[in-house]
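The analysis underlying the following values was restricted to heavy atoms, covering all of them including side chains, and did not include hydrogens, waters or symmetry mates. For this chain, numbers begin at 1 and follow the sequence in order. Just follow the structure's listing: the first ligand is 1, and inside any ligand the first atom is 1.
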Amino acid sequence: MSSASVHPRLDPYLEHYAVRARGMVASEIRALFAVAARPEVVSLAGGMPYISALPLDAVGEMAGHLVADRGAVALQYGSGQGDPGLREGICEVMSLEGIRAHPDEVVVTVGSQQALDLLTRIFIDPGDVVLAEGPSYVGALGTFASYEANVVHVAMDDQGLIPTALADALAGLAGAGRRAKFLYTCPSFHNPAGVSLSGPRRAEILGICQRAGLPVIEDNPYGLLGFDGEPSRSLRADDPQVIYLGTFSKTIAPGLRVGWALAPPGVRDKLVLAAESAVLCHSSLAQLLVREYLATQPWREQVKVFRELYRERRDTMLESLAASMPVGCQWTTPGGGFYVWLGLPSGMDAKAMLPRAIAARVAYVPGTGFYADGTGANHLRLSYCFPEPSRIREGVRRLAGVIDAELELQATFGTP
Ligand SMILES: Cc1ncc(COP(=O)(O)O)c(C=O)c1O
């Protein structure tokens, strides 16, 4: 929470807010993250891309030319659907994951977060059910909460979303006379679970959703950041009804705030109208920067640079965990992306442990943040994307020390 936050009782407008604004509250752990930002703390919490690996001089020169040569367009209003040239570039990027799409099917958004917000606005009335993996991306859960959706989590394992769990969830809803509005899923290099949906399961999940007439939102920010071989085929590549979300936040830079949705015609039309009412149009400058970057910079090689960098950090984290985590901890082995999902010894609560971890100068995100139903206390998310390898080693060592100390407390006083 920022230092300027007002206590609700002192807010003169409290009675005037819409009901949905009641769900908009800062998370309990936000204050701790202000402390975690101190340089002496190794933060394994945030999922910030390592922007210093970009050729900033070349990007800066490109940006300068763009404004000098085409400023009259780059600094002008644009269309609600987004720059057509950029949308062509986006189709080329998506072709790496087997998607064949026309630029007219793409809607540019302010990061994929805005696409999530607009889609939720389009699909969800208060109380409507959204199916989502358990755990799920915290930003999506925040958006679903702000539109008063009722999130029903579907279990995952190390091969991603479990098809029988999805079928059971759908049957349970049908039995109660309800239906879900959509499935929200992040099939490749999941945030926070660090796992990917296996090839056979991709077909199974699509089959279940098709038979149930359930729209699928495939959120895919990390798809190109796999460490082994070619990118997986996206769900959208095999089903044009899937609503696909992409972003340049992880492959170029999040500060540009350029993402997109690829959606069937009806949804696309609503998205353009919703985007226009939210922001009129997106930043022309940011869109043209990305368009120029794709046209003039070696972006495929740059994605490889990021992949290698994150692979080294993933390896460092996995080696450090194996070397120092006490018995009773388990963790996922991400094949790409930014995150490891760590399970604590039974009876341990990651949120209760966080102040002690920060006192030991290491930060993580407690698992409860990734569930809408208060579960997940026994897990935490670790990010390896931003800290240098030596800091990752030190952070994991400190965390292991904190968990060891908790285990000793448990042995002395029993589990709470
Ligand atoms: C799964 C997932 N979806 C969406 C986003 C939002 O990304 P952006 O709005 O920067 O495109 C993130 C960012 O971390 C993410 O991890």
Is any side-chain N of the basic residue among E105 and R87 closer than 4.0 Å to the acidic one's carboxylate O? no
Which protein non-hydrogen atom lies closest to atom 3 (N) of ligand 1, naming both residue and atom, and how far is it? D219 OD2, 2.5 Å
of all protein heavy atoms, closest to atom 10 (O) of ligand 1 is S249 OG, 2.6 Å
Closer than 4.0 Å to some heavy atom of T247 - which atoms of ligand 1 meet that? 8 (P), 11 (O)
What about the rings of Y384 and F338, do their centers lie closer together than 6.0 Å? no
Could you tell me whether K250 approaches ligand 1 through its side chain, its backbone, both or neither, with non-hydrogen atoms closer than 4.0 Å? side chain
Report yes if the side chains of R202 and L235 come closer than 4.5 Å at any heavy-atom pair, otherwise no. yes
Would you mind telling me if ligand 1 is within reach of the side chain of P254, the backbone, both or neither, using heavy atoms under 4.0 Å? neither
Element-labelled atoms of ligand 1 that are located less than 4.0 Å from some non-hydrogen atom of Y222: 14 (O), 15 (C), 16 (O)
What part of Q114, side chain, backbone, both or neither, has a heavy atom within less than 4.0 angstrom of ligand 1? neither
Can you confirm whether F189 sits close enough to Y339 that some side-chain heavy atom of one is under 4.5 Å from a side-chain heavy atom of the other? no
Please list, in number order, the atoms of ligand 1 under 4.0 Å from a heavy atom of P221. 1 (C), 2 (C), 3 (N), 15 (C)
What protein heavy atom is closest to atom 7 (O) of ligand 1, reported as residue, atom name and distance in Å? S112 OG, 3.4 Å
Considering distance alone, does some N or O of Y137 sit under 3.5 Å from an N or O of ligand 1? no
Donor-acceptor pair between Q159 and S198 side chains, under 3.5 angstrom: yes
For D228, which residues count as a side chain to side chain contact (heavy atoms under 4.5 Å, CB included) partner, sequence neighbours excluded? R311
I99 side chain near Y244 side chain, heavy-atom distance below 4.5 Å: yes
Using a strict 4.0 Å cut-off to heavy atoms of R257, name the atoms of ligand 1 that fall inside it. 8 (P), 9 (O), 10 (O)
Quick test of your reading of the model: are R397 and E394 salt-bridged, counting only N-O distances below 4.0 Å? yes
